[in-house]
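Below you'll find the structure, written out as structure tokens, and then a few comments.
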Amino acid sequence: MEPIIEDFVNRGSELNYLWRMAQREVEPRILAVEGLWGIGKTELLSEFIAECREKQIELVHIDFDERDADPGYMYVIFETMIQLGPDGFDHMFDTLRIIRTQSLGDLVRKAAGDFDEAAKEPPESLNNAETRAEQDEERKNSDEHRELAEPGRTGGVNIYGGRNTFRDVAGRDINYFIQVVEKEDPYVQIKVPGWIAKALNICLAQISAERQVLFFFDHWEKADGDTRKWVVRSIFKWAADDALGNSVIVVAGEKGYDLVPRRLQRTVQLGILDDRFVREYLLKKDYDPEKVAAAINTIKGNPMMMKLAVSPNGSPSSDW
């Protein structure tokens with residue numbers, strides 16, 4: 001098919017491999033796309049994402065260049081929930097909202113006697129039928145629930161409606177959760193990421209059992225170390241362990257990363273463009289034919305430089 005992004009140039013083999021991964025024609029579940037600044041990593045992801053959306057393939061796109069929430073793992077969770085929609089995230093909402101009635105510190109400390117056990121399972125009260133029944137009843141009687149609940153729907157948190165409504169509700173719950181965590185002692189703050197990862201695992205396992213989801217992480221190098229570790233130990237590990245159905249993960253960044261065991265990951269290093277593709281692009285953009293040779297010498301196959309060459313204020317010169 002013709003590229004959706006007009007300036008998408010000469011990455012056909014990489015794009016074809018992405019489609020083979022999405023269709024499970026090749027085994028690796030995780031693809032790392034690497035390359036220097038301006039080499040076209042984001043453009044490759046953008047083209048593939050655009051084609052996925054045109055084909056109505058479900059996806060989650062996390063761009064750490066646009067991260068607007070701390071801690072980073074909650075940014076990942078928020079974007080995942082918003083982009084996939086409310087279906088399947090009842091357990092996550094229960095996990096976030098339980099702290100409105102109980103002490104987060106007490107819940108974490110009661111989970112188990114040591115760090116490893118506390119990180120594996122949510123507090124027992126999250127799975128307590130009586131506690132959840134009380135919470136459901138409280139929600140049914142709240143103004144918020146009456147406004148957002150879908151008529152005739154029972155069980156869970158029942159948050160439905162438009163995507164903007166869901167974003168607002170999810171955002172308020174997550175912001176409240178973050179505020180509470182920030183007030184807790186360091187012991188609780190260390191344990192919470194593992195606890196919240198367990199809730200996300202339950203939700204994504206349910207979702208991926210029903211439909212395929214593609215995950216895209218762009219500007220990976222801009223995520224802080226703690227966030228990268230959390231994502232690798234949760235979403236990446238689940239995908240590598242076949243715990244997310246047919247889901248596929250694509251990570252784009254400047255540096256090389258061993259995200260999972262190498263047999264489960266493939267790395268693609270994006271190189272510079274061949275001069276003939278640069279020439280075709282410049283001429284297609286009505287670049288002065290007499291200056292094409294000098295521009296190619298300056299661009300040196302870098303896609304970002306190539307785009308700057310045809311921008312109103314970015315024409316390269318021999319001394320650029």
Side-chain angles (χ1 to χ4, degrees), residues 11 14-35 40-53 55 57-67 72-85 88-89 193 196-198 200-270:
R11 298 296 187 200
E14 292 87 352
L15 186 61
N16 180 61
Y17 188 80
L18 286 172
W19 278 114
R20 292 182 64 199
M21 282 188 66
Q23 295 164 1
R24 296 307 311 280
E25 295 177 3
V26 290
E27 182 54 33
R29 297 293 187 91
I30 298 178
L31 176 69
V33 179
E34 302 172 356
K41 302 179 296 296
T42 296
E43 187 176 70
L44 175 63
L45 260 63
S46 297
E47 173 64 25
F48 187 48
I49 288 170
E51 293 185 9
C52 286
R53 286 176 173 154
K55 295 177 181 291
I57 297 175
E58 200 158 19
L59 61 90
V60 174
H61 178 208
I62 307 294
D63 188 348
F64 288 108
D65 194 36
E66 300 177 356
R67 172 177 160 183
Y73 67 89
M74 290 307 299
Y75 168 67
V76 173
I77 290 174
F78 178 61
E79 287 299 322
T80 300
M81 293 172 67
I82 292 304
Q83 294 181 42
L84 292 183
F89 285 105
I196 204 72
K198 179 65 176 181
L200 181 65
N201 178 252
I202 292 172
C203 296
L204 290 183
Q206 175 185 336
I207 291 170
S208 60
E210 300 171 352
R211 57 194 195 266
Q212 182 188 33
V213 178
L214 307 182
F215 291 87
F216 300 90
F217 294 85
D218 199 4
H219 295 102
W220 180 247
E221 73 281 355
K222 294 189 177 182
D224 62 82
D226 289 339
T227 300
R228 288 200 297 267
K229 288 179 182 178
W230 186 89
V231 175
V232 168
R233 293 172 181 174
S234 56
I235 299 176
F236 291 1
K237 184 179 185 302
W238 303 335
D241 291 343
D242 284 340
L244 296 182
N246 291 324
S247 298
V248 169
I249 294 175
V250 181
V251 184
E254 293 183 5
K255 301 178 181 178
Y257 297 97
D258 287 331
L259 305 172
V260 294
R262 293 189 179 184
R263 63 186 176 83
L264 301 174
Q265 171 189 328
R266 176 170 176 177
T267 299
V268 172
Q269 186 79 30
L270 293 188

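The chain is numbered in sequence order, starting from 1.
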What heavy-atom pair brings [X] and [Y] nearest, and what distance separates the two atoms?
X: G88; Y: I207; value: CA-CG1, 4.1 Å
X: S208; Y: A243; value: OG-O, 3.9 Å
X: Q83; Y: L59; value: OE1-O, 3.9 Å

Original post:
Who pairs with F216 by ring-ring contact (aromatic ring centres under 6.0 Å, His included), at least two apart in sequence or on another chain?
Top reply: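 ring-ring contact (aromatic ring centres under 6.0 Å, His included) list for F216, sorted by chain: F48.
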
Subject >> ring-ring contact (aromatic ring centres under 6.0 Å, His included) against F236, all qualifying residues, sequence neighbours excluded >> reply: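 Result, ring-ring contact (aromatic ring centres under 6.0 Å, His included) vs F236: F217, W220.
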
**OP:** Please report the C-alpha distance between F64 and D224 in whole Å, then the side-chain angles of each, then the deciding distance to 0.1 Å, and finally whether the side chain to side chain contact (heavy atoms under 4.5 Å, CB included) criterion is met.
**Re:** CA-CA 9 Å; F64 288 108; D224 62 82; over 6 Å; no

What distance do [X] atom [atom1] and [Y] atom [atom2] have between them, rounded to the nearest 0.5 Å?
X: L264; Y: I249; atom1: CG; atom2: CD1; answer: 11.0 Å
X: T80; Y: M74; atom1: OG1; atom2: CE; answer: 10.5 Å
X: L84; Y: C203; atom1: CG; atom2: SG; answer: 10.5 Å
X: L244; Y: N201; atom1: CG; atom2: CG; answer: 7.0 Å
X: H61; Y: R53; atom1: NE2; atom2: CZ; answer: 7.5 Å
X: K198; Y: I202; atom1: NZ; atom2: CD1; answer: 5.5 Å

**OP:** Kindly write out the residues that satisfy salt bridge (Lys or Arg N to Asp or Glu O under 4.0 Å) with K222, not counting sequence neighbours, or none if the list is empty.
**Re:**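 Only D65 meet the salt bridge (Lys or Arg N to Asp or Glu O under 4.0 Å) criterion with K222.
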
Subject >> Pair listing, salt bridge (Lys or Arg N to Asp or Glu O under 4.0 Å) test, anchored in residues 206-219, at least two apart >> reply: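 Sorted result for residues 206-219: E58-R211.
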
Original post:
Can you list every salt bridge (Lys or Arg N to Asp or Glu O under 4.0 Å) pair that touches residues 16-30, not counting sequence neighbours?
Top reply: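 Listed by first then second residue: R20-E25, R24-E27, R29-D242.
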
Original post:
Going through the checks in order, is the side chain to side chain contact (heavy atoms under 4.5 Å, CB included) test met by V248 and L31?
Top reply: CA-CA 8 Å; V248 169; L31 176 69; over 6 Å; no

Original post:
What do the steps show when you test V26 against R266 for side chain to side chain contact (heavy atoms under 4.5 Å, CB included), and what is the final call?
Top reply: CA-CA 10 Å; V26 290; R266 176 170 176 177; over 6 Å; no

Subject >> Full working for side chain to side chain contact (heavy atoms under 4.5 Å, CB included) between W230 and V76 >> reply: CA-CA 10 Å; W230 186 89; V76 173; 4.2 Å; yes

Subject >> Partner set under side chain to side chain contact (heavy atoms under 4.5 Å, CB included) for D241, not counting sequence neighbours >> reply: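 If we apply the side chain to side chain contact (heavy atoms under 4.5 Å, CB included) test to D241, skipping adjacent residues, the hits are K237.
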
Original post:
Any donor and acceptor pair, going by atom type alone, linking the side chain of E14 with main-chain N or O of V268 inside 3.5 Å?
Top reply: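 No; zero donor-acceptor contacts below 3.5 Å.
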
